[in-house]
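In what follows, a structure is listed as structure tokens, so that the remarks can point back to it.
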Number of protein chains: 2
Amino acid sequence: MPAETSAEFLSLLKVGDIARRTGKTVRAIHLYEELGLLNPAVRSKGGFRMYRGDGVKRIEWIQKLQDMGFSLTEIKVFLRVWGESATAPKAMATVREIFTDKLRETRETIARLSRLADELSESLAFLEGCRSCDQGQHQRECGGCGRSDHEVPLLVDGIAKR
Amino acid sequence: MPAETSAEFLSLLKVGDIARRTGKTVRAIHLYEELGLLNPAVRSKGGFRMYRGDGVKRIEWIQKLQDMGFSLTEIKVFLRVWGESATAPKAMATVREIFTDKLRETRETIARLSRLADELSESLAFLEGCRSCDQGQHQRECGGCGRSDHEVPLLVDGIAKR
DNA sequence: TATCACTCTTACGTAAACGTAAGGGTTTGA
DNA sequence: TCAAACCCTTACGTTTACGTAAGAGTGATA
């Protein structure tokens, strides 16, 4: 029996340790286990979940996928297809496919948000003009500061509409 | 009584019309009303909600704010502070503030997603190398193709971890 | 061995943004 | 005036990713 075994055993982490190292809650980690996303390496005699260090990595991985917009269920599917791919190249191909899709989707999201950011900028520029407006005027009587209707960005125009 | 009045009355839209024109469901529009985001101009004698054309604009506005990440509750607050601002310039200032915050937030989100897109690209590049892997090898025996551990992107590395 | 901080399982609670169904009126056009 | 197509209110259901609480056992330390 190699020394490795006892050494690894000694460095096992309890669920609370994992939680602290990842910023997740114990409940979240339990949930990941229910969903089959992360299993403890072993259980202690009394039933405590004991993890190795790579449990932390797995959770960071889950976090990253979540940030990219994967749901936990999708991540579960991800792991399932991985496990079902008999050969390494096939598994890698599947992963490539998923990542490629997500990359496209992420880029679309970025493009969409960029457009929205532009609209926000436009709206802010428009609102700058309101500084020169009559300071005592009631907002419900705002006449649009003499600017024609089609100049008003939807983001601003929509507010006043019933 | 100007002709405008009857003309506007004749062109009133029922909730189903609004739904069709905005792609929303009737239920969603009802919800917006419950939340105080959109009220019908009038009710018909029988109780039907009757909207003017700007109801469509209001819903498009709501949609845009949702796209930017505002929750319906936040939009409600938005409208409330607008309504509570006595003067036009004050109201505009409040709106500017909200938009400025959201613009910053949107840009942060874009930056975050860009970093994730980069990680995806890196991971995909890494996975390209797996094409040359032994085609018959079982995925559980993947040795990392001889590439050292620190070259493996987290997005890829996390998959194999327990 | 007594404690105190953890952990276990079980299970109900939560917030968002609607979906869906029930039971019953309303409009409108033929 | 009759039927099809809408609309009304009320109210419970759905999904996601956990939060929270209860009651009880476990592990390391003094």
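Naming: A, B, ... by sequence-line order, numbering from 1 per chain.
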Check nucleotides 13-16 of chain D against the protein and report each pair of N or O atoms closer than 3.5 Å, with its distance, or say if there are none.
none

So which of residues 60-70 of chain A are in contact with DNA chain C, with a heavy-atom cut-off of under 4.0 Å? none
Can you name the salt bridge (charged side-chain N to carboxylate O under 4.0 Å, His left out) partners of A/R112, sequence neighbours left out? none
Salt bridge (charged side-chain N to carboxylate O under 4.0 Å, His left out) filter on A/E119, not counting sequence neighbours, yields B/K64
Mind checking what makes side chain to side chain contact (heavy atoms under 4.5 Å, CB included) contact with [X], not counting sequence neighbours?
{"X": "B/E34", "result": "B/R27, B/L31"}
{"X": "A/E122", "result": "none"}
{"X": "B/K14", "result": "B/D17, B/F48, B/M50"}
{"X": "B/E33", "result": "B/N39, B/P40, B/R43, B/R49, B/Y51"}

For A/R115, check side-chain hydrogen bond (donor to acceptor under 3.5 Å, both in side chains) against everything at least two apart and list the hits. none
Under the side-chain hydrogen bond (donor to acceptor under 3.5 Å, both in side chains) test, residues paired with A/D101 that sit two or more places apart: none
Respond yes when some side-chain nitrogen or oxygen of [X] is under 4.0 Å from OP1 or OP2 of [N], and no when none is.
{"X": "A/H30", "N": "C/dC8", "result": "yes"}
{"X": "B/Y32", "N": "C/dA17", "result": "no"}
{"X": "A/R49", "N": "C/dC8", "result": "yes"}

Please write out each protein N/O paired with an N/O of nucleotides 27-30 of chain C under 3.5 Å, distance rounded to 0.1 Å.
| residue | atom | partner | partner atom | Å |
| --- | --- | --- | --- | --- |
| C/dT27 | OP1 | B/S44 | OG | 3.0 |
| C/dT27 | OP1 | B/G46 | N | 2.7 |

Salt-bridge test for B/E105 and B/K102: reply yes if a basic N is under 4.0 Å from a carboxylate O, no otherwise. yes
What is the distance from [atom1] of [X] to [atom2] of [N], rounded to the nearest Å?
{"X": "B/L37", "N": "C/dA16", "atom1": "CG", "atom2": "C1'", "result": "13 Å"}
{"X": "A/E33", "N": "C/dT10", "atom1": "CD", "atom2": "C1'", "result": "15 Å"}
{"X": "A/I29", "N": "C/dC6", "atom1": "CD1", "atom2": "P", "result": "14 Å"}
{"X": "B/Y51", "N": "D/dC8", "atom1": "OH", "atom2": "P", "result": "7 Å"}
{"X": "B/E34", "N": "C/dA17", "atom1": "CD", "atom2": "C1'", "result": "11 Å"}
{"X": "B/L38", "N": "C/dA17", "atom1": "CG", "atom2": "C1'", "result": "16 Å"}
{"X": "A/R20", "N": "C/dT7", "atom1": "CZ", "atom2": "P", "result": "7 Å"}
{"X": "A/R43", "N": "D/dT26", "atom1": "CZ", "atom2": "P", "result": "13 Å"}

Please find out if less than 6.0 Å separates the ring center of A/F99 from that of B/F126. no
Do any N or O atoms of the protein come closer than 3.5 Å to N or O atoms of nucleotides 2-5 of chain C, and which pairs are they?
none

Output the distance between atom [atom1] ([X]) and atom [atom2] ([Y]), rounded to the nearest 0.5 Å.
{"X": "B/L113", "Y": "A/T106", "atom1": "CG", "atom2": "OG1", "value": "6.5 Å"}
{"X": "A/W61", "Y": "A/Q66", "atom1": "CH2", "atom2": "CD", "value": "10.5 Å"}
{"X": "A/I29", "Y": "A/L37", "atom1": "CD1", "atom2": "CG", "value": "12.0 Å"}
{"X": "B/E108", "Y": "B/L103", "atom1": "CD", "atom2": "CG", "value": "10.0 Å"}

A/G16 vs B/K24, nearer the 5' end of DNA chain C by closest nucleotide: A/G16
